[in-house]
Amino acid sequence: MSDTSNQRQAALDYHALPKPGKLEIRATKPLANGRDLSRAYSPGVAEACLEIKADPSTAALYTARANLVAVVTNGTAVLGLGNIGALASKPVMEGKAVLFKKFANIDCFDIELDQSDPEKLADIVCALEPSFGAINLEDIKAPDCFTVERICRERMNIPVFHDDQHGTAIVVGAAAKNALHVAGKKFEDIKIVSTGGGAAGIACLNMLLKLGVKRENVWLCDIHGVVYKGREEDMNPIKSEFAQDTKLRTLDDVIPDADMFLGLSGPGVLSPEMVAKMASRPIIFALANPTPEILPEVARAVAPDAIIATGRSDFPNQVNNVLCFPFIFRGALDVGASTINDAMQLACIDGIAALARATTSAEAAAAYQGEQMTFGPEYLIPKPFDPRLIGVVSSAVARAAMETGVAARPIEDLEAYKRKLDGSVFKSALVMRPVFEAARASPRRLVFAEGEDERVLRAAQAIIEETVETPILIGRPEVIEKRIEQAGLNLRLGENFDLVNPENDPRYRDYWETYHHLMARRGVSPDIAKAIMRTNTTAIGAVMVHRGEADSLICGTFGEFRWHLNYVEQVLGRDGLRPHGALSMMILEDGPLFIADTHVHLHPSPEQIVEVARGAARHVRRFGIEPKIAFCSQSQFGNQGDGTGGRLRAAIGILDAAGDDFCYEGEMNIDTALDPDLRARLLPTNRMNGAANVLIFAHADAASGVRNILKMKGGGLEVGPILMGMGNRAHIVSPSITPRGLLNVGAIAGTPVTHYG
């Protein structure tokens, strides 16, 4: 079977399996008993109905309408497939709805209408207003799409947005803004030649006019040649607005000295000879799909300095509407906008363009491994999987809606709104907020043992941007500098980070002498100390913390936890400090759940279990959460004498005698810890209200197993492990940690020890 046949079958299987289609509907409320049914439907539903009848704005409170978008088409201009009809367009519309959900958590219904008359189609769409918070028109042929959108905008009091027009125009505007920045040109000075007189092409030209391009500098061509005054063939009022008073008739006639070519037409329209006639540093947006008007390598053969964008993902600078529509709708819906106006679209452009000029996010880099993502000719617009898009773009759109008076539900605190949006993609953002605030209050120096790791470099960049901490990287300078350049990071040695070169550092003698002094009576000779200080970056970092040259060590991006722990304990395990246990926070859909001890003690004694519990209680409170600690075992409230239950019962006895000030209960099964009703049936006199939020085990295998199951199968995001008992002087992470995870551990390490209690 050919590759093409394999790809076709894979695409069909994707749509068919494990169940047909790409969407399903799920309930957001429980429906488990008669009480739930009486509230969800009769008689309780009447109360919500009456509230909405009295005040229509409360529909946003009692129904899903404020987060519901209709993706509407008649299938007359579907992708590159043309007029395939409403039914055949359904897979595309389902796909659009999936993108809304994935990128902006907006719920969608796809609606395919068998209606070719634009005015009748508009009537149907307008009748949908009670059901939806916004309308996304899609794949309606020109010029009908202009008519449908105009009528709907005039008659409807919710946003109506034809994405083929305005979504494309917004992303083109952002890419053009950055392309001109790279080329050193200005909108008001450039000559634009465009091919394609359809909805997207006209919308892009109108947007470029709003950005400052002069109408007299725009030359529009279609399949019949130049659009000129007096032309009658295949003209309409929208296209006529770009008619030039000229005798030039072909694309080849008007292309000389053009600064920008904008193609939304078909393959091979722009020839190499035409590119050669363009101005220096030409900007070529060849956006026809799947084959562009000219391939990038063909254009660069005659214009090596060309700045090129296409509509394809296998070339740099893909102009993709998904950079726009989820986020402009998110901002519009959240403020109850009555329309999506020019100011909101321009705000969207500014947000997208600014993100490309900022440092690339670690998450986007992970999604596009191997691609160069440093702002410049090859990186004009961010990637769709850049998680910062929703916070930056949606908040900018919301602000513009409020400033222009179209927001029915203005947001009082836009910064808090942006943090909430960021929290929807960075699962740790909200729960980590108290820790970041504490870390910002007191600058600390964090030394990263594996400074050459790209995850560490990206974390260091984020630490510089989001905290007041100073990262110190251990590694070879030439390797670190090369990887900083490859990743497009804004790290500058001696300015915003420091470096320890294990191969050649002026402090080498001080370090090995310090290590030898600490370890001389534990079998470490001067020669061994010298070798360790040349090769063991964890030991080097620990020595730096011991000497006061750093406040905390972060290590473990490769290697085994206990190997790192050995050196941490050797150097820093003094003055009353010793590892008590490792605590992992797992962020789940319904909130955080803490697990301990995952790494330090394989078979902890009752006294060690008590230390783990006390340390966990202190750390959980750092996140603004009151701890509810469950001691978990196969044994349940004393029903088994063997196994871990005995050690847990002994630990509980120690806590009872000491009168500790946190809630704890056990020993019990995990389901008993998390289900208060079950716990109440088994032990009505138990002292815990609600579900436990900390699970402590008397065996590291159990704790680590639960942690990994939650991470791999439960969709949990881990923060940690947090090394307890070391006074925040060292933390050992897992090899699977992400840059965002390292940033979180950096914030924890950046909190002064006084915040521990």
We want to know whether E94 and H15 form a side-chain donor-acceptor pair, criterion being a heavy-atom distance below 3.5 angstrom. no
Would you say R215's side chain and E241's backbone share a donor-acceptor pair under 3.5 angstrom? yes
For a 4.5 angstrom cut-off between non-hydrogen side-chain atoms, does I190 reach K186? no
Least distance between heavy atoms, E112 atom then S89 atom: CG-OG, 3.6 Å
D144 versus T147, side-chain donor and acceptor atoms under 3.5 Å: no
Could you tell me whether E465 atom CD has more than 12 heavy atoms of other residues or ligands within 6.0 Å of it? yes
For the CG atom on L23, are there more than 12 heavy atoms of other groups (residues, nucleotides or ligands in this structure) within a distance under 6.0 Å? yes
Derivation of the side-chain hydrogen bond (donor to acceptor under 3.5 Å, both in side chains) call for N321 and T168: CA-CA 6 Å; N321 288 18; T168 304; 3.2 Å; yes
Kindly compute the distance separating NZ (K383) from CG (L355), expressed to the nearest 0.5 Å. 14.0 Å
Side chains of E293 and S265: donor-acceptor distance under 3.5 Å anywhere? yes
Say whether, by atom type as modelled, one donor and one acceptor occur between the side chain of R153 and the main chain of V160 under 3.5 angstrom. yes
Going by distance alone, is a donor N or O of one side chain under 3.5 Å from an acceptor N or O of the other, for N83 and T76? no
Would you say R231's side chain and V226's backbone share a donor-acceptor pair under 3.5 angstrom? yes
Say whether D222 and H224, considering side chains only, have a donor N or O and an acceptor N or O under 3.5 Å apart. no
Quick one: is the NZ or CZ of K96 closer than 6.0 Å to the six-membered ring centre of F325, and within 45° of its axis? yes
Are the side chain of Q115 and the backbone N or O of D117 linked by a donor-acceptor pair below 3.5 Å? yes
Does L209 reach the side chain of V218, with side-chain heavy atoms less than 4.5 Å apart? yes
Polar contact flag, side-chain donor to acceptor under 3.5 angstrom, N178-R357: yes
If we ignore angles and hydrogens, is there a donor and acceptor under 3.5 Å between the side chains of K101 and N105? yes
Strictly by modelled atom types, are Y228 and D245 linked by a side-chain donor-acceptor pair under 3.5 Å? no
Rounded to the nearest 0.5 angstrom, the CD1-CG distance for I381 and N320 is 8.0 Å
Within 45° cone of F132 ring axis and under 6.0 Å: R65 NZ or CZ: no
Can you see which heavy atom on R312 is nearest to which on P290, and at what distance? CD-O, 2.8 Å
Counting neighbours of NZ on K141 that are heavy atoms of other residues, nucleotides or ligands and sit closer than 6.0 Å, is the number greater than 12? no
Does E129 use its side chain to pair, donor to acceptor, with the backbone of N157 at less than 3.5 Å? yes
Atom CG of residue position L12 - does it have more than 12 heavy atoms of other residues, nucleotides or ligands inside 6.0 Å? yes
How many angstroms lie between CG in L287 and CG in N317, if you round to the nearest 0.5 Å? 10.5 Å
Between R300 and D305, is there a salt bridge with N-O shorter than 4.0 Å? no
To the nearest 0.5 Å, what is the distance between CD1 on I352 and CG on L380? 13.0 Å
Can you name the nearest heavy-atom pair linking V322 to P384, along with the distance? CG1-CB, 3.4 Å
Between N136 and D163, do the side chains contain a donor N or O and an acceptor N or O under 3.5 Å apart? no
Does atom CZ of R399 have more than 12 heavy-atom neighbours from other groups under 6.0 Å away? no
Please determine if R155 and D123 form a salt bridge, counting it only when a charged side-chain N lies under 4.0 Å from a carboxylate O. yes
Whether K185 and D189 form a salt bridge (side-chain N of Lys/Arg under 4.0 Å from carboxylate O of Asp/Glu) is what I want to check. no
If you measure from the Lys or Arg side-chain nitrogens to the Asp or Glu carboxylate oxygens, is any gap between D253 and K247 under 4.0 Å? no
Compare all side-chain heavy atoms of P296 with those of T310 and state whether any distance is below 4.5 angstrom. yes
Sub-4.5 Å side-chain heavy-atom contact between K22 and P91: yes
Does CG in D314 sit with more than 12 non-hydrogen atoms of other residues, nucleotides or ligands closer than 6.0 Å? yes
Just wondering, do D259 and M278 contact through their side chains at under 4.5 Å, heavy atoms? no
Judged by modelled atom types alone, do Q345 and N341 share a side-chain donor-acceptor pair under 3.5 Å? no
Do other residues, nucleotides or ligands put more than 12 heavy atoms under 6.0 Å from E24 CD? yes
Rounded to the nearest 0.5 Å, what's the gap from SG on C324 to NE2 on H166? Could you check? 10.0 Å
Taking the six-membered ring for Trp, are F329 and F100 parallel (under 30°), tilted (30 to 60°) or perpendicular (over 60°)? perpendicular
Tell me whether the count of non-hydrogen atoms from other residues, nucleotides or ligands lying under 6.0 Å of NZ in K210 goes above 12. yes
Electrostatic pair D334-R409, nearest N-O below 4.0 angstrom: no
Under 3.5 Å side-chain donor-acceptor pair for R8 and N6: no
So do the side chains of V298 and L270 get within less than 4.5 Å of each other, counting heavy atoms only? no
Could you give the distance from CZ (F315) to CD (E297), rounded to the nearest 0.5 Å? 5.0 Å
